[in-house]
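Every chain is numbered from 1 and lettered A, B, ... according to where its sequence line falls, protein lines coming before strand lines. Basis for what follows: all heavy atoms, side chains included, without hydrogens, waters or symmetry-related copies.
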Protein chains: 2
Amino acid sequence: MATPTRWGILATGGIAAAFVSDLALLPDAEVVAVGSRRLDTAQAFAAERGIPRAYGSWAELAAAPDVDVVYVATPHAAHHAAAHLCLSAGKPVLVEKPITLDRASAADLVATARERGVFLMEAMWTRALPAIRRMRELVADGAIGEVTAVYADFAISGPFAPTHRLRAPELGGGALLDLGVYPVTFTHLFLGVPSRISAMATLTPEGVDENTAMTFGYDSGALAVLHCGIVGGSPVSATVLGTRGRIVIPKRFFGTTGFTLVRGGESEEMTFPRSGNGLAFEAEEVMACLAAGRTESDLVPHAATLDVMGILDEVRKQIGVSYA
Amino acid sequence: MATPTRWGILATGGIAAAFVSDLALLPDAEVVAVGSRRLDTAQAFAAERGIPRAYGSWAELAAAPDVDVVYVATPHAAHHAAAHLCLSAGKPVLVEKPITLDRASAADLVATARERGVFLMEAMWTRALPAIRRMRELVADGAIGEVTAVYADFAISGPFAPTHRLRAPELGGGALLDLGVYPVTFTHLFLGVPSRISAMATLTPEGVDENTAMTFGYDSGALAVLHCGIVGGSPVSATVLGTRGRIVIPKRFFGTTGFTLVRGGESEEMTFPRSGNGLAFEAEEVMACLAAGRTESDLVPHAATLDVMGILDEVRKQIGVSYA
């Protein structure tokens, strides 16, 4: 058995808890420390999960010599500061999605990681799921011919109070960053960067998007038709259409364990093993990269992260949302 | 039993055959004549279906005194001429969808019908389906709260040869009129006329749309996200999202016999009787209107037909498609 990878957890919210829970499924992973702006919060998180050490600052966690990699699990408005701190301390990081609020700050993290020769990956777990990886292989192998369109939706039921994080511009609130990043990432997996982007949205009184439609056009002639929102729940489905068939994920596409391949009137169900909350696959990818001395993942490359952030920037510009 | 309604069929293609087949399911319907530009074609159609008379011109059919109503089943580029001829002869008409190539010519038919006091209805059979009517009732009654979004797709597999009707601008080719009219109509049923329209498309070398995305925005804040195409087959699904639930039709929404109502994590399947090709319901509506001396249907009112044609006009303008 390989030497365990020693994880440090930065922040103590729901996604941090889910990630720690999934790390427990991996024999090669060990959680050695947690860091938070508040020591008591870090201590409570550590005590509940049997984590050896708790720090009352991010800097202490970033400096801890026995931490091999830090998982940045703050709300996304704090991702840049937290990840930059870790990278500057020479610490590899896995940063929750979306990696930052915009492409420029994401590019800054990528530049910092490259300058320091330190590993950086966005925790876009969808890209690491076995079902999604198999879908990409099938599509790349021509299983559905040329891709003609992608549909994806991720909308959740409201209402959210005006004071909720999801309605706060300064926290990157609205549907786009929290939910829209998934349909956009899913589309990017199969079609890359669009040559045309058109977006339409309804904004909350606070000025963030509560209902957003996106259409992307590609030089191949393909189109993507996407929706995200925080006012009414959607099936959370995704479909890739091709000239010779289609692949459908009817629900919760971004964490899926399977899909349906439809060709010539025949439907074939493909299922893949489930694992906890689905976050172990990205953790395994991080550990494989670290073990190989790599500073970037092929599954979640820096370029893909920057592509998606650039698309979100353009959508945001068109719908008139600003997080400043 | 009521006096049978005596139908005349104008044109002899696939949809005419399907409609005559469905009329046979209705005891109060009788097909007494068929008219075509070619007498031999009309005669062959009549002979195969036991229709008493065949005419070698539309005008003869329009003038036949024992024909109560004419069903115009030509390709859509000929709808206006055929329907206008019938209306001018004082004959009630049911006109295959889309009613014409654009709103102006549709408005001309409506004006002609109103001037003459003659019945006119677009054969938008989706509006007359029991499942769709029940969906509208449920949504109107607040079963899913306020409508926040509508999704609908209708894309079919190609390739179609350059000489195919679907690629001929002068015949109203492309995805929009043949297929897109259904997603647009479905959306109109629940959201009416949008205040904002955005469309993006890929065109064939002939200049008609082969892949089209449409986003509509409404004053309520709702959005519609729609797709049609002739290069890759879609699920042909539709979803209405609301603040308290959603209604999903997973396949062939425009001819559906049922749907799923999702509320609070519970799914309820609702199914309705099937009837032939699904065209008998619109035929029954026509006969009920005629029996009541009405010149317009509440299920497929002139205003709805004009609304949809106006939306299609705007989409077409944005994507740069012209049928002239």
Side-chain angles (χ1 to χ4, degrees), chain A residues 144-153 155-159 194 196-204 209-235 237 239-246 248 250-251 260 262-265 318, chain B residues 144-153 155-159 194 196-204 209-235 237 239-246 248 250-251 260 262-265 318:
Chain A
I144 58 169
E146 297 296 313
V147 174
T148 59
V150 170
Y151 309 155
D153 63 87
I156 60 176
S157 288
R196 291 183 288 171
I197 292 175
S198 174
M200 187 187 293
T202 304
L203 307 189
T204 69
D209 64 308
E210 63 177 18
N211 207 7
T212 304
M214 296 170 270
T215 301
F216 303 157
Y218 299 83
D219 290 339
S220 67
L223 297 175
V225 185
L226 313 176
H227 178 246
C228 60
I230 56 172
V231 285
S234 80
S237 58
T239 306
V240 182
L241 313 183
T243 49
R244 293 208 306 272
R246 64 181 176 270
V248 180
K251 61 181 178 184
T260 305
V262 182
R263 286 188 293 196
Q318 291 189 19
Chain B
I144 58 169
E146 297 297 312
V147 174
T148 60
V150 170
Y151 309 154
D153 63 86
I156 59 175
S157 290
R196 291 182 289 170
I197 293 175
S198 173
M200 188 187 292
T202 304
L203 308 188
T204 68
D209 64 308
E210 64 178 17
N211 207 7
T212 303
M214 296 170 271
T215 301
F216 303 156
Y218 300 83
D219 289 339
S220 67
L223 297 174
V225 184
L226 313 176
H227 178 247
C228 61
I230 57 172
V231 285
S234 80
S237 59
T239 306
V240 183
L241 314 184
T243 50
R244 292 209 307 273
R246 64 181 177 270
V248 179
K251 61 181 180 184
T260 305
V262 182
R263 286 187 294 194
Q318 290 189 18

- Note on the structure: Tested for side chain to side chain contact (heavy atoms under 4.5 Å, CB included) against A:His227, the lone hit among B:Leu241, B:Val150, B:Thr239 is B:Leu241

- Query: When only pairs under 4.5 Å are counted, which of A:Ile144, A:Thr212, A:Val225, A:Val248 shares the most heavy-atom pairs with chain B?
  - Reply: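 Heavy-atom pair counts peak at A:Val225.
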
- Which atoms of A:Pro235 approach chain B - backbone, side chain, both or neither, heavy atom under 4.5 Å: both

- Message: Would you say CD of B:Glu146 has more than 12 non-hydrogen atoms from neighbouring residues, nucleotides or ligands within 6.0 angstrom?
- Response: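 For B:Glu146, atom CD is not crowded (no more than 12 foreign heavy atoms under 6.0 Å).
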
- Message: Between A:Ile197 and chain B, with a heavy-atom cut-off of 4.5 Å, which part of the residue counts as in contact: side chain, backbone, both or neither?
- Response: backbone

- Might you point out which heavy atoms bring A:Thr215 and B:Ala213 nearest each other, and give the distance in Å?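 For A:Thr215 versus B:Ala213, the nearest heavy atoms are CG2-CB, 3.3 Å.
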
- Note on the structure: When rounded to the nearest 0.5 Å, the distance separating CZ of B:Arg246 from OG of A:Ser157 is 7.5 Å

- Shortest non-hydrogen contact from B:Ala201 to A:Arg196? O-NH2, 3.3 Å

- Has the side chain of A:Asn211 got a donor or acceptor atom that lies under 3.5 Å from a matching backbone atom of B:Ala149? no

- Validation row: A:Ser237, B:Tyr151 side chains within 4.5 angstrom (heavy atoms):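 With C-beta onward as the side chain, the pair stays apart.
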
- Task: Side chain from CB out, backbone as N, CA, C, O: work out which of these in A:Leu226 comes under 4.5 Å of a heavy atom of chain B, or both, or neither.
- Result: backbone

- Message: Rounded to the nearest 0.5 Å, what separates atom CG in A:Leu223 from atom OG1 in B:Thr202?
- Response: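 These two atoms lie 4.5 Å from each other.
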
